[in-house]
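Data block below; observations after.
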Amino acid sequence: MNVMEHAVFRRFWYPVMPMSELKQGPRRFELLGQALALFLDDDGVPAALEDRCCHRTARLSLGEVCDNAIACPYHGWRYNREGQCVLVPQMPDRDPGPKRRVKAFSCREKYGYAWVALEQPLFDIPDFPEAVDDSFVLIHEFYEEWRVSGLRVIENELDMAHPSYVHLGTFGSPEHLVAEDAKIEEFPGGFHYTGRLGVKQAHHAQDRNNERFLDCSWYAPFICRLRINYADGPAHVIINCQVPLAHNRSQVVQFCFQEDDGTGIDEAAILAFDRKVTLEDKHVLESTDADVPLDPRDERHMVSDKPGLVMRRMIQALIDDHETRAVTFQ
Ligand code: FES
Ligand code: FE
């Protein structure tokens, strides 16, 4: 059984769609094999319904929003954000009744995305301290599909031994093979991870330093906050979220908080640098196996793999604590 077939993955919030997209009209998204019709209600709050009309199964996401409801493109039945059909245009005087309804999912907006949980979420959407700090600016970076398991990408974010091989074209230093002073502190549903990593070249927007002070947090199962500080210069905080489409496909959702230290923010330079780094990761990650064994005996390891191993252990514990069944999807 592939790790992503565990039903517990339905119990987390995922940033499935940029709000800027939803402002253009309803959109379809397949989360863990569940087709969703996403739309904005009259208050601008995102809603998520099963993308299948209960009349003749047409995709609601092809419809449009009318009077605080999504109207099916086929015969115009309208559904509110709870999934209840509120109007059958061909029988306007009749109450559509409780049987005319589709499944609705928890949906809310945060950080400029519509977040969805397919079942009662185990943890809230993380609060990132930089989001309420006026010296930081939020920049949306990437929203794209990769052919990889999201767990491999998140583990990569926590792996400080790969830059000196994968990122030689950007910041990786062949002389600094592992992070120094690496520490992990667990909390319910995640952990903090700190350390220092020598780099060949400092981050964009500065060129005076060659050591990163890393302050990372992992939030189960698919969110990583990677705060990169240097001895001088502004902090760069990457939020990498992997939204599982299927066991071997992941929607990469990355945004960042960039500190403005008074010298201004060159958004284009930040995006260009992070794009290069991201493509270096993608090249290798898409070559990895889709399944990620949680049992440490099923792959070989080294000392610097500890954050990934703690991540795998904590996911296994969540499965053991909360799961009663598995699901299968394409
Ligand atoms: Fe949706 Fe007929 S299929 S209204
Ligand atoms: Fe990387």
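Whatever order the structure lists them in is the order used to number ligands and atoms, beginning at 1.
Annotation: angle subtended at the Fe ion (ligand 2) by His162 NE2 and His167 NE2 is 100°, to 10°.
Using modelled atom types and a 3.5 Å distance limit, the side chains of Tyr113 and His140 yield a donor-acceptor pair.
If you take OG on Ser250 and CZ on Phe222, they are separated by 6.5 Å, rounding to the nearest 0.5 Å.
Both cation-pi conditions hold for Arg275 and Phe142: the charged atom is under 6.0 angstrom from the six-membered ring centre and inside a 45 degree cone around its axis.
Checking Asn240, Leu158, Leu214, Val237 one by one against Leu226, the side-chain contact (heavy atoms from CB on, under 4.5 Å) holds for a single residue, Leu214.
Those atoms of ligand 1 that come under 4.0 Å of a heavy atom in Cys72, given as number and element, are 1 (Fe), 3 (S), 4 (S). Atoms of ligand 1 found under 4.0 Å from any heavy atom of Arg56 (numbered from 1 in listed order, with element): 3 (S). If you number the atoms of ligand 1 from 1 as listed, the ones under 4.0 Å from a heavy atom of His75 come out as 2 (Fe), 3 (S), 4 (S).
Sorting the N, O or S atoms of His55 by how far they are from atom 2 (Fe) of ligand 1 puts ND1 first. The Fe ion (ligand 2) sits nearest to atom OD1 when only the N, O or S atoms of Asp281 are considered.
What you find for Gln84 and Gly97 is that their closest heavy atoms are NE2-O, 2.9 Å. Closest approach of Asp260 and Gly264 over heavy atoms only: OD1-N, 3.2 Å.
Among the atoms of Cys54, no N, O or S atom is found under 2.8 Å from atom 1 (Fe) of ligand 1.
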